[in-house]
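Quick note: residue numbers are just sequence positions, from 1.
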Amino acid sequence: GEDLEEHPRVRIYLFASNQHHAAPGIPPQFGPHQNPSNPLNTSPLLRALLVRLDEWATTGKPPPPSAVPRFDDGTLVDVSTVHDRFPKIADVRPPESPNRLFPQDYGPTYADGITAEEPPRVDRTFEYAVRVPIVDVDGNDIPGIRTPDITVPRATYTGWNMRSEAVGPNAMYSIVGSYLPFARTEAERQKTGDERLSLAERYPSMADYVRQVLETAHELHRRGLLLAEDVERYIAAAKNAD
């Protein structure tokens with residue numbers, strides 16, 4: 001479970017609190033899972049990083065440093081740590097264990113880019129140590145690249161979701177994440193026992209919320225992680241937020 005040394009010609013990024021795939025413009029979906037799906041849009045990060053990759057290949061200008069959770073700085077932890085830190089939210093139960101990962105053998109020519117065994121042979125005599133990103137008081141990932149939706153949140157976004165009661169509630173559901181919006185007022189959250197601050201407790205006014213989004217988006221742009229046009233999109237979205 002310890003960190004590996006990074007190759008100098010490689011960058012690795014975690015999109016904080018994202019599910020397996022981005023969902024640009026798609027509202028939370030309901031299905032055979034307990035929570036609405038994660039609608040977090042990380043496509044703006046991909047657009048900016050594609051430009052950084054092009055610059056690196058054509059001009060030699062290095063991209064932003066890697067942004068991933070790490071074992072040595074305490075941002076990559078056991079699932080039990082996240083389970084204990086995750087806020088209490090009505091009817092929401094975080095996973096108690098991670099997906100297990102065993103060594104997989106794709107055949108003797110895999111190192112040459114040729115897959116000889118598909119599906120691969122799985123060695124179950126031992127397994128990798130699976131660790132996960134540490135979360136903040138809202139349950140959102142701390143390490144990685146945090147979009148304005150995570151830095152200035154109106155909800156908790158996770159990479160996991162649990163199966164519904166009808167299809168096995170003790171197991172995680174596929175590659176779908178969760179979307180858990182904050183209560184609007186303190187009274188509303190206290191009524192349901194939600195430990196997370198409400199929108200009214202976080203943001204004194206709409207102008208304050210927009211200001212925080214603006215500052216966060218401009219900081220990502222300064223770091224090369226957001227295009228100028230996407231900064232404007234985040235600001236416009238904040239102004240039109242419900």
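At a threshold of 4.5 Å between non-hydrogen side-chain atoms, the residues T147 and P44 do not count as touching. Put simply, the side chain of L197 reaches to within 4.5 Å of the side chain of R189, judged on heavy atoms. The shortest side-chain heavy-atom distance between H33 and M162 does not fall under the 4.5 Å cut-off. Contact check for P181 versus L199: no side-chain heavy atoms found under the 4.5 Å cut-off. Side chains of L49 and L225 form a contact here, defined as non-hydrogen atoms less than 4.5 Å apart. Put simply, the side chain of P94 does not reach to within 4.5 Å of the side chain of V82, judged on heavy atoms. Counting heavy atoms from C-beta on, the side chains of R11 and R52 never come closer than 4.5 Å. At a threshold of 4.5 Å between non-hydrogen side-chain atoms, the residues Y110 and D105 do not count as touching.
The existence of a salt bridge linking E117 and R121 is confirmed by a sub-4.0 Å separation between a basic side-chain nitrogen and an acidic carboxylate oxygen. Under the 4.0 Å criterion applied to side-chain N and carboxylate O atoms, R196 and D136 are not assigned as salt-bridge partners. No salt bridge links R47 with E229; every basic N to acidic carboxylate O contact stays at or beyond 4.0 Å. Salt-bridge annotation for R131 and D78: present, with a side-chain N of the basic residue lying under 4.0 Å from a carboxylate O of the acidic one. Under a 4.0 Å N-O distance rule, the pair E219/R222 qualifies as a salt bridge.
To the nearest 0.5 Å, atoms CD1 (I235) and CG (D230) are separated by 11.0 Å. In this structure, the separation between CG on N170 and OG on S97 is 9.5 Å, given to the nearest 0.5 Å.
For Q29, there are no side-chain hydrogen bond (donor to acceptor under 3.5 Å, both in side chains) partners two or more places apart in sequence or in a different chain.
At a cut-off of 3.5 Å, with distance as the only test, no side-chain donor of Q19 or S37 sits close to an acceptor on the other residue. Side-chain polar atoms of D73 and T75 form a donor-acceptor pair below 3.5 angstrom.
Aromatic ring pairs are classed by plane angle as parallel below 30°, tilted from 30° to 60° and perpendicular above 60°; the pair Y179 and Y157 is tilted.
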Step-by-step side chain to side chain donor-acceptor pair (under 3.5 Å) determination, E188 to S198: CA-CA 8 Å; E188 182 181 316; S198 66; over 6 Å; no
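Among N35, T156, N38, the single residue meeting the side-chain hydrogen bond (donor to acceptor under 3.5 Å, both in side chains) criterion with S178 is N35.
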